[in-house]
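What follows is one structure encoded as structure tokens, with my remarks underneath.
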There are 2 protein chains.
Amino acid sequence: MMNDDFTIGRLARETACKVQTIRYYEEIGLMPQPLRTAGNQRRYGPSHVARLAFIRHGRELGFPLDAIRQFLSLSDEPDRPCEAADRMARAQLQAVESRIARLQSLKVELERMIEQCKGGRIAECRVIEVLADHAECLHENHVEPV
Amino acid sequence: MMNDDFTIGRLARETACKVQTIRYYEEIGLMPQPLRTAGNQRRYGPSHVARLAFIRHGRELGFPLDAIRQFLSLSDEPDRPCEAADRMARAQLQAVESRIARLQSLKVELERMIEQCKGGRIAECRVIEVLADHAECLHENHVEPV
DNA sequence: CTTGAACCTCTAGTCGCTGTAGCTCCTATG
DNA sequence: CATAGGAGCTACAGCGACTAGAGGTTCAAG
């Protein structure tokens, strides 16, 4: 009926996801347990392809698996308001924006460091110097994880 | 002589680093084993403060511990050319730049997703839709890890 | 001398996979 | 029909850089 005839390898190719990753998603309950052949091999159908593509796309957009789990359960209730999905997307946007800001300030500092290094001996190396002495930085606020 | 009289907690406060993290750095050989009191507690001196500050600053600039390990061994040989340090800093800058580029394209896509969502039901939610169908994305290239 | 904050070791957990070892299964060819 | 080998299976270890907790000990102030 639902012709579940894709092997895990086929599913992996279809969705550009590694085989082990699919098994991992199953283990943590993100992908449902598929049918098995008599010889215990997994067999998938189109619904699995769609679900895995959804997950992978979410990951590519930087959502953590937990957010994706929530998106998936939201998408199971098409009549409910999409407020929650919207909120999660906005939160992710915020997270992305703050990481960009953080990386921009790192970039500036690294550039400054590199530019001032005239390629002499370690003793005069600005790169090492700046690392050694935080006071030489312009930015005090590079604290959250990169 | 070198008055090693900072406790680990004091060192942690001094460098804005957690106590466990200091012990972890010692475990992986990034920080040297300090003196111990008769009661087996660690006692640190100014050189430890400097070294840990160096490490933390490197981390804040996004360098992996391995790069920091190299910086540290470079700074032990002040007469050698600083080429290697320079190269590492440039590599880090490149990494930062490519992460910024990647995040910028995520940002655009998230904004598009959010902007088109009119806040109705899940069934019409653009956020869910875009996640479900990769073809709705403009960017094909969001593949590397965030 | 007592209290309690800070220290100690050891272990396990985080996140999202990735890799390996040592099997079994499936299918295509001879 | 036998066999080869690619693909599948489970189970577990490892990555990076910490972080958290249990359960015990030490230190310094009062």
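This is a predicted model, so every value here is computed, not measured. Proteins get letters first, then strands, A, B, ... in listed order; numbering begins at 1 in each.
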Fill in: Side chains of A/Arg51 and A/Tyr44, donor plus acceptor under 3.5 Å
no
Discussion item. Let's see if you get this right: which residues in residues 6-17 of chain B place a heavy atom under 4.0 Å from DNA chain C?
Written reply: B/Thr7, B/Ile8, B/Gly9
Item to complete: Assign A/Arg56 to base, sugar-phosphate, or nothing according to its heavy-atom contacts below 4.0 angstrom with the strands shown.
Response: sugar-phosphate
Worksheet item: Do A/Glu111 and A/Lys107 meet the salt-bridge criterion of a basic N to acidic O distance under 4.0 Å?
Response: yes
Worksheet item: Is the backbone N or O of A/Asp133 less than 3.5 Å from a side-chain atom of B/His57, with the two atoms forming a donor-acceptor pair by type?
Response: no
Response to the item:
Closest heavy-atom pair, B/Ile100 versus A/Leu103, reported as atoms and distance to 0.1 Å, is CG1-CB, 3.5 Å
Worksheet item: If you take all heavy atoms of B/Pro64 and B/Gln92, which pair is closest and at what distance?
Response: CD-OE1, 4.4 Å
Worksheet item: How close or far is atom P of D/dT25 from atom CZ of B/Arg42, stated in whole angstroms?
Response: 17 Å
Worksheet item: With the threshold set at 4.0 Å, does a side-chain nitrogen-carboxylate oxygen contact exist between A/Glu115 and A/Arg112?
Response: no
Worksheet item: Crowded around A/Arg69 CZ? As in, over 12 foreign heavy atoms under 6.0 Å?
Response: yes
Worksheet item: So, does B/Arg59 use its side chain to make a donor-acceptor pair with the main chain of B/Phe63 at under 3.5 Å?
Response: yes
Discussion item. Between B/Gln41 and B/Asp66, which residue's closest nucleotide on DNA chain D lies nearer the 5′ terminus?
Written reply: B/Asp66
Discussion item. Quick test of your reading of the model: are B/Glu26 and B/Arg23 salt-bridged, counting only N-O distances below 4.0 Å?
Written reply: no
Worksheet item: Taking NZ, NE, NH1 and NH2 as the nitrogens, is one of them in B/Asp5 or B/Arg43 under 4.0 Å from a carboxylate oxygen of the other?
Response: no
Fill in: Residue mapping more 5' on DNA chain C - nearest nucleotide basis, A/Lys18 or A/Thr37
A/Lys18
Fill in: A/Arg43 or B/Leu65, whichever maps to the more 5' nucleotide of DNA chain D
A/Arg43
Worksheet entry | Members of residues 20-33 of chain B that approach DNA chain D, where some heavy atom sits under 4.0 Å away | B/Gln20, B/Thr21, B/Tyr24, B/Tyr25
Fill in: Salt-bridge criterion met for B/Glu83 and B/Arg87 (N-O under 4.0 Å)
yes
Worksheet, complete the sentence: Nt span of DNA chain C in reach of chain B heavy atoms at under 4.0 Å, 5' end first, is C/dC7 to C/dT9
